[in-house]
Amino acid sequence: MDNTQAPSYLASLEKIAMDVIRPGAAEIDQSGAFPRAAMNALSNVGLLGLISAQEVGGQGQGLRAAALVIERVAQECASTAMVLCMHYAGSAVIEAHGPLSVRKALAQGKHLTTLAFSEKGSRSHFWAPTSTAEAHNGSVHLDAAKSWVTSAGEADSYVWSSRPMAAEGVSTIWLVPASTTGLSVAGAFNGLGLRGNASSPINAKEVALERSAMLGQDGGGFDIMMSIVLPHFQIMNAAFSVGTMEAATRKAAEHVAGTKLEHMGSGLSDLPTVRAYIARMRIKTDMVRALLLDTLDAIEQGRADAMLRVLEVKAAAGEASTEVTDLAMRVCGGAAFRKDVGVERHFRDARAATVMAPTTDVLYDFIGKAVCGMPLFG
């Protein structure tokens, strides 16, 4: 990357990526530790407030900037990228509907937030919570069993979904401080990939909030999810996949270029089949990046196909990232199973995108409905 040509936020990010995120990535993957040092470094240069409005002290950037940042971070550490992705997704909701004090804290990098949508009762159908919000002596009581919450126990707040209190509609959104009595994190995350993203279940038992903690209108959660959360999450998740593919492609190419068959006086890169695999990785990565950039163009230009692109981009990126990291494992051979080569971490991390709600299979159904002129829901 030529930092003389890069936007200022990417120039600031580059030093953190090289000096903080890259050196810590292997240990985060090994131990499952939350990437606190990376988040602190991002906070110190204003990148936690990247999409916060300038009027509250943020950088005032949009979704394109967020996607570029997530892609670059994902090249070094997928766990850090996913924590940041969820922070930006939650920040977008708070920026649109949240209290001024929290907006300012986000802009100053003093507040880490995340989404708390997925539930045991509705699983990958994140838009249809089964948890409840009930009026109680002038306040509101939340009860829920959230199944996957990134930064669980690490974030300062959760952008939380429930059934409406009284209004018609599918859901209502709340801003829940992480310190609220009645919240409990159900164990540390110990998974295949994204090992440092602290993605754990959170249970809520009679969690008391003021009604003012509601983000938007009672019953208006679905509209917030579709208009704000879905495009932010889909695009940033796709950027996460592009970053993972870029890193896997680079490391695989470096490995084959530097590995020699001494008894033959040649290298792995002299084998046409190996070069063909590297070419496929490069093409897949570039194709998905092109779709990601076109999706951003579609949103910014208000094109008629913008929502279709939003649905397509995560599905395409998630599937391609599993293919590219499969190829990375193949071309690196037995060496790929060693952690020092680095591609096996990307292989594991890439799998998350296909199963994070909305899953690839759910997106295929939505895309098929859209192409056939059918309503997406109902």
* Is the closest side-chain heavy-atom distance between Asp365 and Leu363 below 4.5 Å? -> no
* Beyond-backbone contact of Trp160 with Ile202, side-chain heavy atoms, under 4.5 angstrom -> yes
* Asked: Is it true that Arg338 and Glu344 make a salt bridge, defined as a side-chain N closer than 4.0 Å to a carboxylate O?
  -> no
* Asked: Taking C-beta and beyond as the side chain, do Pro358 and Leu230 meet within less than 4.5 Å on heavy atoms?
  -> yes
* Any side-chain heavy atom of Arg275 sitting closer than 4.5 Å to one from Val256? -> no
* Which atom pair, heavy atoms only, marks the closest approach of Val343 to Ala336? -> CG2-CB, 3.7 Å
* Asked: With the threshold set at 4.0 Å, does a side-chain nitrogen-carboxylate oxygen contact exist between Lys284 and Asp326?
  -> no
* Asked: Within the side chain of Thr325, is there an N or O that forms a donor-acceptor pair under 3.5 Å with the backbone of Ser321?
  -> yes
* Charged N to carboxylate O under 4.0 angstrom, Asp294 versus Arg309? -> yes
* Structure fact -> So the salt bridge (charged side-chain N to carboxylate O under 4.0 Å, His left out) pairs with at least one residue in residues 230-253 (sequence neighbours excluded) are Glu246-Arg282, Glu246-Arg289, Arg250-Glu254
* Minimum-distance pair of heavy atoms, taken over all atoms of Pro129 and Ser122 -> CA-OG, 4.1 Å
* Asked: For Ala178, which residues count as a side-chain contact (heavy atoms from CB on, under 4.5 Å) partner, sequence neighbours excluded?
  -> Tyr158
* Close side-chain approach of Arg72 to Leu68, heavy-atom, < 4.5 Å -> no
* Asked: If you look at every heavy atom in Gly196 and Ile28, which pair is closest and at what distance?
  -> CA-CG2, 3.7 Å
* Is the cationic atom of Arg351 (NZ for Lys, CZ for Arg) positioned less than 6.0 Å from the six-membered ring centroid of Phe347 and within 45 degrees of its normal? -> yes
* Asked: Any side-chain heavy atom of Asn203 sitting closer than 4.5 Å to one from Asp143?
  -> no
* Asked: Under the salt bridge (charged side-chain N to carboxylate O under 4.0 Å, His left out) test, which residues partner Lys146, sequence neighbours left out?
  -> Glu119
* Asked: Does the side chain of Glu154 come within less than 4.5 Å of Arg36's, by heavy atoms?
  -> yes
* Shortest non-hydrogen separation from Ser131 to Ala144 and the atoms involved -> CB-CB, 3.2 Å
* Ignoring hydrogens and angles, state whether a donor on the side chain of Ser162 or Trp174 is under 3.5 Å from an acceptor on the partner side chain. => yes
* Please collect all salt bridge (charged side-chain N to carboxylate O under 4.0 Å, His left out) contacts where either partner lies in residues 194-218, sequence neighbours excluded, each pair once. => none
List, one per line, each side-chain donor-acceptor pair under 3.5 Å for residues 80-96, sequence neighbours excluded.
{"residue": "His87", "atom": "ND1", "partner": "Thr113", "partner atom": "N", "Å": "3.2"}
{"residue": "His87", "atom": "NE2", "partner": "Leu48", "partner atom": "O", "Å": "2.9"}
{"residue": "Tyr88", "atom": "OH", "partner": "Leu47", "partner atom": "O", "Å": "2.6"}
{"residue": "Ser91", "atom": "OG", "partner": "His87", "partner atom": "O", "Å": "2.7"}
{"residue": "Glu95", "atom": "OE1", "partner": "Arg103", "partner atom": "NE", "Å": "3.4"}
{"residue": "Glu95", "atom": "OE2", "partner": "Ala53", "partner atom": "N", "Å": "3.4"}
{"residue": "Glu95", "atom": "OE2", "partner": "Arg103", "partner atom": "NE", "Å": "3.3"}
{"residue": "Glu95", "atom": "OE2", "partner": "Arg103", "partner atom": "NH2", "Å": "2.6"}

* To do: Locate the shortest heavy-atom distance separating Leu194 from Asp349; write the atom from each residue and the value.
  => N-OD1, 2.7 Å
* Just by modelled atom types, is the Pro177 backbone N or O under 3.5 Å from a matching donor or acceptor in the Thr180 side chain? -> yes
* Asked: Does Arg348 pair with Asp29 as a salt bridge, N-O distance under 4.0 Å?
  -> yes
* Asked: Does any non-hydrogen side-chain atom of Met225 lie less than 4.5 Å from one of Ile173?
  -> yes
* Asked: Which heavy atom in Ala350 sits nearest to a heavy atom in Thr244, and how many Å separate them?
  -> CB-CG2, 4.1 Å
* Structure fact -> ring-ring contact (aromatic ring centres under 6.0 Å, His included) pairs touching residues 197-254, sequence neighbours excluded, are Phe222-Phe377
